[in-house]
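Chain identifiers are assigned alphabetically (A, B, ...) following the order of the sequence lines, protein sequences preceding nucleic acid strands; residue numbering begins at 1 within each chain. Values below: every heavy atom of this structure, side chains too, minus hydrogens, waters and symmetry copies.
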2 protein chains.
Amino acid sequence: MADRNATNMKGRGESLLFLTDDQLRRGIEAMFFAYRGFTADPDRILQDYGYGRAHHRAIHFINRTPGTTVNNLLSILGVTKQSLNRVLRTLVEDDLVDSRVGTRDKRERHLFLTPKGAGLERELSEAQRNRMRDAYRAAGPEAVAGFRTVLEQMMNQEMRRQYLDGGDGPR
Amino acid sequence: MADRNATNMKGRGESLLFLTDDQLRRGIEAMFFAYRGFTADPDRILQDYGYGRAHHRAIHFINRTPGTTVNNLLSILGVTKQSLNRVLRTLVEDDLVDSRVGTRDKRERHLFLTPKGAGLERELSEAQRNRMRDAYRAAGPEAVAGFRTVLEQMMNQEMRRQYLDGGDGPR
DNA sequence: CTTGGAAAGTCAACAAGGCTGACATAAACT
DNA sequence: AGTTTATGTCAGCCTTGTTGACTTTCCAAG
C-alpha cells in the first residue's frame, strides 16, 4: 500500500530522496500502530497478574542483566527512583525479584529474578518474540536487516541526545 | 553490532531461521528504545504547551483526516470516549480544534484543526519527521524499504487481532 | 408519530505510573 | 569527622487510561 517509491529505489543505493513528507508521515504512523501491536500481548498477560508495563520493563532488564543495581536500572529506564521503587517493591513482595545487598558495596542492591519471576519473564518474552518472529518471517531476511538498521539509527539518536544534552531525563 | 546473521542470509530468501531468541530480544529492545526516541521531541514540545501525548495523537489524526468524527477518532486511537473527550475538550477550549455539528447527522461532531492547531501540528510533525528523515538517511533506501515492510507486518498483526477478537479494546 | 436505540457528551470515582520535594539510613570516601 | 552516594520512603500532584450512570439529540423502524 505504501512502499512503492521505496522499493523502486532498491539497488540504486544513492540518497536521491524519496523522502516526501507523506512518506515520512506513513512511517510515523506505522511506528505508532506497530508499537501498539508490539505491546499488546504482554499488556494482556500482565493484566492477569495485576501488573503494568512498568513491571514488564523492570523484569525484562533484570533478566537481561542479572545482578544489575537499582541505579543501573534507573538510568536504563529513564524514570525516577520513586517511580521504579514502587514497581520494584511489589515485585519483591510478590517474590518475583530478589534484591540482594551488595558484597563489595553494601549500599547497592543487586537485582535478580526468582524462579517465579523468571517464569513470568518467559511468558512475556515468548509472546513478544512470537509476534516479532511472525513479522520477521512474513517480511523476510532482507527486510529484517533493514528494519534493524533503521531502528538502530533511531536508538542512536536518543543515546546521543541523552549524553549531549546532559540527560535531562524523560518527560 | 547485530545484523551479522541477517545479512549473511541476504539473497538466499529461504526461511532457514536466523531468528535466535537473542536476535529477537535485540529487536524487542530496539523497538523499546527507538520508540522512546521517536516520541522524545514531541513530548518536549508538548510540555511547553501543557499537553501530553494524548493531545498529540488527537491532533495528528484530525490533521490527517480533517472532518473526522469523534467516533472515528475513538476507534483509531483505541481509547474510551471519556478519555478522548477530556483531551478534545481542552483542545477546543484552547482554540486548537474546531468541533462542528454534522450537517447530515447532527449528532455527529466533525473535527478540524484551527489555524492555531495546524501550527502546533506542524511544529510537532516537523520534529518527528526530522528524526525519521535522519534515521532513514543514515540507514539508506534499502534499509528503509525493509523497515517499512516489517512495520507493516506488525501493524497488520494488530489490525487482524482487533477484528478477530471482537476488538475488546486496549489495556 | 411514537418510541427504541445510536451518537455524543457529562459527571464522578478510581488506578497506574509518571513527576517533585523532603527526609532517613547506611556505607563509602576524603 | 564530615561529605557524598545509593537506596528507600512519605506525601502530593499530573496525565491518561478505566467503569458506571445519566442526559441530550435525533435517526429510523414499527
Taking atom P of dG18(C) as reference, at what distance in whole Å does atom CG of Leu46(B) sit? 18 Å
Just wondering, do Arg129(A) and Leu19(B) contact through their side chains at under 4.5 Å, heavy atoms? no
Starting from the 5' end of DNA chain C, give me the residue, Thr80(A) or Lys106(A), whose nearest nucleotide shows up first. Thr80(A)
Could you pull out the protein-nucleic contacts involving nucleotides 5-8 of chain D (nitrogen or oxygen on both sides, under 3.5 Å)?
from   : atom 1 : to        : atom 2 : distance (Å)
dT5(D) : O4'    : Arg107(A) : NH1    : 3.4
dT5(D) : O2     : Arg107(A) : NH1    : 2.8
dT7(D) : OP1    : Val70(A)  : N      : 3.4
dT7(D) : OP2    : Asn71(A)  : N      : 2.8
dT7(D) : OP2    : Asn71(A)  : OD1    : 3.3
dT7(D) : OP2    : Asn71(A)  : ND2    : 3.3
dT7(D) : O4     : Lys81(A)  : NZ     : 3.1
dG8(D) : OP2    : Asn85(A)  : ND2    : 3.1
dG8(D) : N7     : Lys81(A)  : NZ     : 3.3
dG8(D) : O6     : Lys81(A)  : NZ     : 2.2

Spacing of Arg53(A) atom CZ relative to dG17(D) atom C1', expressed in whole Å: 11 Å
Taking only N and O in the side chain of His55(B), is any of them less than 4.0 Å away from OP1 or OP2 of dT15(D)? no
Return the set of residues passing side-chain hydrogen bond (donor to acceptor under 3.5 Å, both in side chains) with Arg86(A) (not counting sequence neighbours), or none when no residue passes. none
Leu77(A) CG to dA16(C) P, in whole Å, measures 19 Å
Check residues 111-121 of chain B and write down every donor-acceptor pair under 3.5 Å in which the side-chain atom is one partner and the other belongs to a residue at least two apart or another chain.
from      : atom 1 : to        : atom 2 : distance (Å)
Thr114(B) : OG1    : Asp95(B)  : O      : 2.7
Thr114(B) : OG1    : Leu96(B)  : O      : 3.2
Thr114(B) : OG1    : Lys116(B) : N      : 3.4
Thr114(B) : OG1    : Gly117(B) : N      : 3.0
Lys116(B) : NZ     : Asp94(B)  : O      : 3.0
Glu121(B) : OE2    : Asn63(B)  : ND2    : 3.4
Glu121(B) : OE2    : Ser125(B) : OG     : 3.4

Rounded distance in Å - CD1 (Ile59(A)) to P (dG17(C)): 11 Å
I'd like to know if Asp22(B) pairs up with Arg25(B) as an ion pair, taking the criterion as any Lys NZ or Arg NE/NH1/NH2 lying under 4.0 Å from an Asp or Glu carboxylate oxygen. yes
Rounded to whole Å, CG of Leu91(B) lies from P of dG9(C) at a distance of 13 Å
Length of the line joining Leu73(B):CG and dA8(C):P, which is rounded to integer Å: 11 Å
Asp43(A) CG to dA16(C) P, straight-line distance once rounded to whole Å: 14 Å
No-H, no-angle donor-acceptor pair, Arg86(A) side chain to dG18(C) base, under 3.5 Å: yes
Rounding to an integer number of Å, can you tell me how far Arg57(A) CZ sits from dA16(C) C1'? 11 Å
Report yes if at least one side-chain N or O of Arg89(A) is closer than 4.0 Å to OP1 or OP2 of dT9(D); otherwise report no. yes
With a 4.5 Å cut-off on side-chain heavy atoms, are Ile28(A) and Met132(B) touching? yes
What one should report as the nearest heavy-atom pair of Arg57(A) and Phe32(B) is CD-CE1, 3.3 Å
With respect to Asp43(B), which candidate in Arg53(B), Arg36(B), His56(B) satisfies the side-chain hydrogen bond (donor to acceptor under 3.5 Å, both in side chains) definition? Arg53(B)
